[in-house]
Amino acid sequence: MAKIEIVLGDITKSQVDAIVNAANTSLLGGGGVDGAIHRAAGPALLAACRPLNGCATGEAKLTPGFRLPAKYVVHTPGPIWRGGQHHERTLLANSYRNSLTLAAAHGCQTVAFPSISTGVYHFPLELAAEIALRTLQETAATTAKSVQLIQIVCFDDQTKKAYEIALAALSA
Ligand code: ADP
């Protein structure tokens, strides 16, 4: 079973087989972690995303990592929080499950995730952390032949703390 680690850092620097991008449905770049990934990967990433014709919320599509240390980028649009009655929980779980499954299908052994949807998409942090870790743990059972290490790369201390608490609750 893959080990799940919570780390503080910049996901564009992650030395893993695949990093996950909290994209938007256009896949044509945006702010936050999406913008940082496109800047670090270089313009070839946008050129690779254009023919993918976007991606539905909760689904995932894969490209090369180009100038990134990571070999692949898995792009997944997480849900925008609209009060909790619009399938936000299911869609967030879908993003984590589909991203990990897609990375595993490409033979990835190490995969790094950002905190999907908790930036400009305003998903409540504690709830997002719980869904993320529960879904990754469940999915890791089916990707165990490939994926050995899953990292959640948090950009700030508050986010890291929330994921640490959720991970401890999961292991308890
Ligand atoms: P979303 O639109 O899914 O909410 P955001 O990019 O706005 O995505 O935020 C998702 C999370 O990614 C936030 O916790 C944000 O602080 C974080 N983030 C922003 N830049 C980076 C980065 N370079 N590496 C890791 N996480 C990042």
Side-chain angles (χ1 to χ4, degrees), residues 2-80 91-92 94-123 125 128-129 132-133 135-136 139-140 143-160 162-163:
K3 180 174 163 33
I4 301 180
E5 258 179 22
I6 316 297
V7 301
L8 189 67
D10 175 352
I11 201 167
T12 66
K13 308 268 197 293
S14 293
Q15 308 255 355
V16 290
D17 296 323
I19 65 169
V20 175
N21 180 15
N24 57 52
T25 55
S26 78
L27 297 187
L28 298 179
V33 70
D34 193 5
I37 289 171
H38 275 271
R39 277 193 300 280
L45 183 60
L46 182 59
C49 285
R50 221 175 253 119
L52 300 178
N53 292 312
C55 185
T57 301
E59 302 299 312
K61 293 189 178 180
L62 180 139
T63 65
F66 299 102
R67 291 182 198 156
L68 292 165
K71 184 171 182 204
Y72 299 113
V73 180
V74 175
H75 305 264
T76 185
I80 298 170
L91 291 167
L92 187 64
N94 290 352
S95 277
Y96 281 97
R97 184 185 328 99
N98 288 325
S99 296
L100 188 62
T101 303
L102 186 56
H106 284 77
C108 295
Q109 299 189 346
T110 54
V111 184
F113 286 81
S115 176
I116 298 168
S117 286
T118 67
V120 298
Y121 283 3
H122 292 302
F123 205 108
L125 179 58
L133 292 170
T135 306
L136 289 173
T139 309
T143 59
K145 280 202 177 120
S146 172
V147 182
Q148 308 299 313
L149 175 68
I150 298 166
Q151 284 187 336
I152 309 284
V153 181
C154 302
F155 208 47
D156 59 84
D157 285 311
Q158 190 202 354
T159 301
K160 181 166 179 264
Y163 281 82

Checklist entry - Passes side chain to side chain contact (heavy atoms under 4.5 Å, CB included), Tyr163 versus Leu125? Steps please. => result CA-CA 9 Å; Tyr163 281 82; Leu125 179 58; 4.0 Å; yes

Item to check | Verdict with supporting geometry, Ile152 and Leu136, side chain to side chain contact (heavy atoms under 4.5 Å, CB included) | outcome: CA-CA 10 Å; Ile152 309 284; Leu136 289 173; 3.6 Å; yes

Next on the checklist: Using side chain to side chain contact (heavy atoms under 4.5 Å, CB included), reason through Tyr121 and Asn24 one step at a time and then give a plain yes or no.
Outcome noted: CA-CA 10 Å; Tyr121 283 3; Asn24 57 52; 3.3 Å; yes

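Between Ser14 and Ile19 the shortest heavy-atom distance is CB-CG2, 4.0 Å. Scanning both residues, Cys108 and Ala18, for their nearest heavy atoms gives SG-CB, 3.8 Å. Closest non-hydrogen pair, Ala41 versus Phe66, comes out as O-CB, 3.4 Å. The two residues Ala129 and Ala162 come nearest to each other via the heavy atoms CB-O, 3.8 Å. Nearest heavy-atom pair, Gly42 versus Arg67, reported as atom, atom and distance to 0.1 Å: CA-NH1, 4.0 Å.
To the nearest 0.5 angstrom, Leu28 atom CG is 9.5 Å from Asp34 atom CG. Taking CG of Leu92 as the reference point, atom CZ of Arg97 lies at 10.5 Å (rounded to 0.5 Å). Interatomic distance, Leu46 CG to Leu27 CG, rounded to the nearest 0.5 Å: 10.0 Å. Considering CD1 of Ile116 and OG1 of Thr135, their distance stands at 10.0 Å, rounded to 0.5 Å. Atom CG of residue Asn21 and atom CG of residue Leu68 lie 9.5 Å apart, to the nearest 0.5 angstrom. Here Arg50 contributes atom CZ and Ser26 contributes atom OG; the two are 10.5 Å apart, rounded to the nearest 0.5 Å.
Counting only distance, with no hydrogens or angles, the side chain of Lys61 and the backbone of Cys55 share no donor-acceptor pair below 3.5 Å. Not one N or O on the side chain of Thr57 forms a donor-acceptor pair closer than 3.5 Å with the backbone of Pro77. The backbone N or O of Gly107 lies less than 3.5 Å from no partner atom in the side chain of Gln109, so there is not a single donor-acceptor pair. A donor-acceptor contact shorter than 3.5 Å links the side chain of Asp17 to the backbone of Thr110. For Tyr96 (side chain) and Thr139 (main-chain N/O), no donor-acceptor pair under 3.5 Å exists by modelled atom type. Formation of a donor-acceptor pair under 3.5 Å by the Thr12 side chain with backbone atoms of Ile37 is not found in this model. Under the 3.5 Å distance criterion, the side-chain polar atoms of Thr76 are left unmatched by any main-chain donor or acceptor of Ala22. The closest donor-acceptor contact from the side chain of Asp10 to the backbone of Phe155 lies at 3.5 Å or more, if one exists at all.
Contact annotation: the side chain of Leu52 approaches that of Thr63 to within less than 4.5 Å [non-hydrogen atoms, C-beta and beyond]. Side-chain contact between His38 and Val73: absent, with no pair of heavy atoms (C-beta onward) separated by less than 4.5 Å. Side-chain atoms of Leu133 and Ile6, non-hydrogen and from C-beta on, do get closer than 4.5 Å to each other. His122 is not listed as a side-chain neighbour of Ile80, based on a closest heavy-atom distance of 4.5 Å or more. Between Val16 and Leu149, every side-chain heavy-atom pair lies at or beyond the 4.5 Å cut-off.
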